[in-house]
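First up is the structure itself, then whatever we jot down about it.
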Amino acid sequence: MDTDTEFEIEDASTAGDDLDADGFPISGDESEPKPPPIEDPLDESSSFASDFYRCGSDWSRLIEKKESKSLVQRDLFQVWGIKKPAMAEESKARVSSSNQRDLFEVWGIEKPRVSVPARKRARKEDGNGSGFGRARSCPFYKKIPGTPFTVDAFRYGSVDGCSAYFLSHFHYDHYGGLSKKWSHGPIYCTPLTARLVKMCLGVNPLHICPLELDIEHDIEGIKVTMLEANHCPGAALIHFRLRDERTYLHTGDFRACNLMQSHPLLASQHINVLYLDTTYCNPRYRFPPKEDVVSFVVRITRDFIAKHSKALIVVGAYSIGKEQVYIAISHALGLPIYTNSSRRRILQSFGWPELSGKLCTCGDSSALHVLPLSSLRHENLLDYMKTYKQRFTAVLAFRPTGWTYSQNTGNQLDLIKPTCKGNITIYGVPYSEHSSFPELENFVKFLRPDKIIPTVNVGNAATRDKMQSYFREWLKAL
DNA sequence: GCGATCAGCT
DNA sequence: CACAGCTGATCGC
């Protein structure tokens with residue numbers, strides 16, 4: 001009956017390499033890691049509890065969109081969602097220089113071609129394990145041993161032995177490689193992520209297999225359950241139970257929280273191997289709770305609006321994520337949310353009435369705008385404000401990312417100093433959608449897995465050793 | 001001309 | 001540093 005083939009986890013290219021205890025190559029960071037030995041099956045098991053669990057909005061409604069459209073925006077006005085105005089000469093020159101138009105053009109000479117050999121230097125190995133670069137083969141920590149499954153492994157073409165490709169969430173460094181030409185196998189993900197894969201990437205729906213959260217699905221004889229990851233909309237932890245009762249949890253990207261620990265699959269059942277999002281696995285990262293950051297943002301916004309009657313509030317965001325920041329401002333101050341049509345389609349596709357109902361299609365209709373994080377620079381924001389003529393006279397912008405966290409500030413958000421240039425004020429706020437170090441510690445101490453495989457910051461052997469030493473400490477016998 | 005990918009950058 | 005991309009150059013169709 002058990003006819004499925006054991007997943008091919010050995011790469012011929014690395015068959016001779018020495019590996020450390022965690023399955024990473026000892027010889028350096030350039031070579032391909034070899035898989036760790038497969039864990040022995042343990043016998044602990046218990047019946048599947050059918051309780052549902054949610055932490056956040058109901059992210060499960062289905063809205064089908066026919067068209068496929070790229071997220072890629074070519075010009076700032078498109079990003080801003082406004083018509084390109086006839087620009088004043090000085091403004092034009094400024095935009096031109098900030099776009100790094102080269103000196104050769106200014107000098108009026110032809111730009112010399114970069115030689116091909118110079119461009120073909122050794123590619124930098126990516127440190128976060130996302131595996132960019134076609135020549136690489138799929139790293140072991142994206143393969144689930146004992147199954148024909150991979151997680152977030154779309155940029156390696158057809159992965160040997162893989163008959164089901166899981167996508168944890170819709171961020172580029174995880175879905176990279178997916179396109180309308182995808183034909184290497186079925187893609188399993190949450191329904192919300194499935195809609196984005198179809199709508200934004202144009203992947204053939206025949207390949208997309210949505211899995212409802214908190215339902216145990218049987219895929220090729222393996223029991224698979226998607227759990228809310230508290231990361232971005234549609235993000236899931238993926239729980240695998242093999243026929244021999246071996247149990248693996250792949251966190252994708254996640255922010256561990258107490259509510260997660262009440263999920264029946266985590267509360268009362270053993271996990272053999274934990275594939276862990278170790279983005280901030282360093283004791284210096286101790287973010288405040290997201291709620292505290294949101295309250296802070298709302299308070300700063302209130303104060304700013306009290307001082308500037310014609311204020312424009314800008315929240316920076318990637319494709320998806322950080323929604324709670326601008327939803328909270330919108331709610332607290334009674335402002336609709338303006339963003340360009342591309343992002344609007346994405347936000348609409350979530351199927352959250354409380355968000356969809358607040359979106360407006362014209363920038364003049366609201367003082368609350370959502371822009372790409374990359375465009376939150378003083379010069380950009382000044383230009384942006386000017387395109388609305390006299391509608392706005394000052395800008396307050398927020399960059400909500402864990403990277404802005406500083407140890408000096410710690411949890412005292414009031415110590416955060418914005419950068420100000422003229423009427424443009426930019427706050428970096430430590431709103432993280434990844435676990436902080438204490439949150440990782442708490443989660444691991446709660447789960448007590450037999451083995452932990454980090455999936456981020458694995459490009460450096462010293463960092464890997466450091467992380468494993470934290471894991472050992474956390475898992476010490478009580 | 002278009003889509004995909006790559007190096008470089010934040 | 002790099003959360004998750006963005007940009008311009010290049011390559012293949």
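Side-chain atoms are counted along with the backbone in the values below, which use heavy atoms only and exclude waters and symmetry mates. By convention in this document, chain letters (A, B, ...) are assigned in the order of the sequence lines, proteins followed by strands, and residues within each chain are numbered from 1.
A straight line from CZ of A:Arg399 to C1' of C:dA4 spans 12 Å, rounded to a whole angstrom. Distance, A:Tyr175 OH to B:dT5 P: 12 Å, rounded to whole Å. Rounded to whole Å, atom C1' of C:dA2 lies 8 Å from atom OH of A:Tyr280. Per the geometry, CZ belonging to A:Arg284 stands 13 Å off P belonging to C:dC3, to the nearest Å. For the pair A:Trp403 CH2 and C:dC3 C1', the computed distance is 9 Å after rounding to whole Å. A straight line from CZ of A:Arg155 to C1' of C:dG5 spans 12 Å, rounded to a whole angstrom. Atom-to-atom, NE2 of A:His169 to C1' of C:dA4 comes out at 9 Å; the value is rounded to the nearest Å. The separation between A:Phe254 atom CZ and C:dA4 atom C1' is 18 Å, rounded to whole Å.
In this structure, A:His231 has its ring center at least 6.0 angstrom away from the ring center of A:Phe170. Between A:His207 and A:Tyr188, the distance separating the two ring centers is not shorter than 6.0 angstrom.
Looking at residues two or more places apart in sequence or on another chain, you find no salt bridge (charged side-chain N to carboxylate O under 4.0 Å, His left out) involving A:Lys421. Residues passing the salt bridge (charged side-chain N to carboxylate O under 4.0 Å, His left out) test with A:Arg299 are A:Asp414, sequence neighbours excluded. In this structure A:Pro205 satisfies the side chain to side chain contact (heavy atoms under 4.5 Å, CB included) test together with A:Lys198, sequence neighbours excluded. Under the rule for a side chain to side chain contact (heavy atoms under 4.5 Å, CB included), the partners of A:Gln412 that lie at least two apart in sequence or sit in another chain are A:Leu415. Residues passing the side chain to side chain contact (heavy atoms under 4.5 Å, CB included) test with A:Ser432 are A:Arg255, A:Tyr280, A:Phe287, A:His434, sequence neighbours excluded.
When distances are taken from the side chain of A:Asn457 to each of C:dC1, C:dG5, C:dA2, the shortest belongs to C:dA2. Taking only side-chain atoms of A:Asp173, from C-beta outward, the nucleotide of B:dT10, C:dA4, C:dC3 with the closest atom is C:dA4. Relative to the side chain of A:Ser374, the nucleotides C:dC6, C:dG5, C:dC1 differ in distance, and C:dC6 lies closest.
Positionally, the nearest nucleotide of DNA chain C for A:Tyr285 lies more toward the 5' end than for the other of A:Tyr285 and A:Tyr318.
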With the criterion being N/O to N/O and under 3.5 Å, what pairs connect the protein with nucleotides 2-4 of chain B, and how long is each?
from, atom 1, to, atom 2, distance (Å)
B:dA4, OP1, A:Ser179, OG, 3.4

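Look at A:His171 and you won't find any side-chain N or O under 4.0 angstrom from OP1 or OP2 of C:dA2. Close to C:dA4, at under 4.0 Å from its OP1 or OP2, lies a side-chain N or O of A:His434.
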